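Read through the structure below, which is laid out as C-alpha cells, and then see the notes.
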Amino acid sequence: IYYTSTSIEFCPSKTSALFASRAEAMRQDDQVHEKTQQVDDMRGELERLEWASAELSDGLASAEGQLEALLGRMATAGSDLDLTLRLKQGQVEVEQAAVVTDYSDAEIVDRNEIRMLNAAIKTRGKEKVSVLQEIKDFRKGIHELQWENSRLEL
C-alpha cells in the first residue's frame, strides 16, 4: 500500500501478500483454538484418571485391610480351638521304652508360655461357665413360672 498526500494507491502484489498473511493468521488462530480444545479435553481426562486412581487406591487399601483382618481371624481360629483332653497331672507324655527312655524328640516349653496358655484357658472357661450360669438361671426362671402356673391352676 502506498500512501500519498492526495490519494491512496493499492499495489496488487502487496494486497495479495496482505491477504495471504491474514489467511495464515486465521489458520494459525484456528490451530491455536483446536490445540486449546485438545488441552482442555486432556485436562478433563486427567481429572477423570486421577479420580479413578484415587478410587482404586481407596479400594486397594480397603481390600488390604480386609485381607489383614481375614488373616488375623484365620490365625485366631487356627489357634483358639477348644479341645478337651484327659491327662494326669505331672504325667510324662513321651513314649517310654522298657529299659531306656529316649527324650530326643521331646520339647521343652517355657513356663511363661504355659502360664499364658493356662490363663487363656481359664479365661475361656470362666466365659463358658458364666454362659452356662445364665442358661441355668433362665431355665430356673422358666421352671418357677411353670410351677407358679400349675399351683394357680389348682
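Predicted model only: the values in this text are computed from it and were never measured.
Side-chain atoms of Q146 and H143, non-hydrogen and from C-beta on, do get closer than 4.5 Å to each other. N112 is listed as a side-chain neighbour of R115, based on a closest heavy-atom distance under 4.5 Å. At least one side-chain heavy atom of I135 sits less than 4.5 Å from a side-chain heavy atom of V131. Side-chain contact between D41 and E45 is absent, with no heavy-atom pair separated by less than 4.5 Å.
To the nearest 0.5 Å, atom CG of residue L145 and atom NZ of residue K140 are 12.5 Å apart. The CD atom of E68 sits 12.0 Å away from atom CZ of R73, with the distance rounded to the nearest 0.5 Å. Here M74 contributes atom CE and L67 contributes atom CG; the two are 9.0 Å apart, rounded to the nearest 0.5 Å. Note: E55 CD to L60 CG = 12.5 Å, rounded to the nearest 0.5 Å. S62 contributes atom OG, which lies 4.0 Å from atom CD of Q66 (distance to the nearest 0.5 angstrom). Taking CG of L117 as the reference point, atom NZ of K122 lies at 12.0 Å (rounded to 0.5 Å).
More than 12 non-hydrogen atoms from other residues, nucleotides or ligands lie less than 6.0 angstrom from CZ of R27.
Taking the charged nitrogens against the carboxylate oxygens, R151 and E148 do have a contact shorter than 4.0 Å, which makes a salt bridge.
No side-chain donor-acceptor contact under 3.5 Å links E34 and Q38. Judged by distance alone, the side chains of N149 and E153 never bring a donor and an acceptor atom under 3.5 Å apart.
Although no hydrogens or angles enter the test, the distance criterion places no donor-acceptor pair under 3.5 Å between the side chain of S53 and the main chain of L49.
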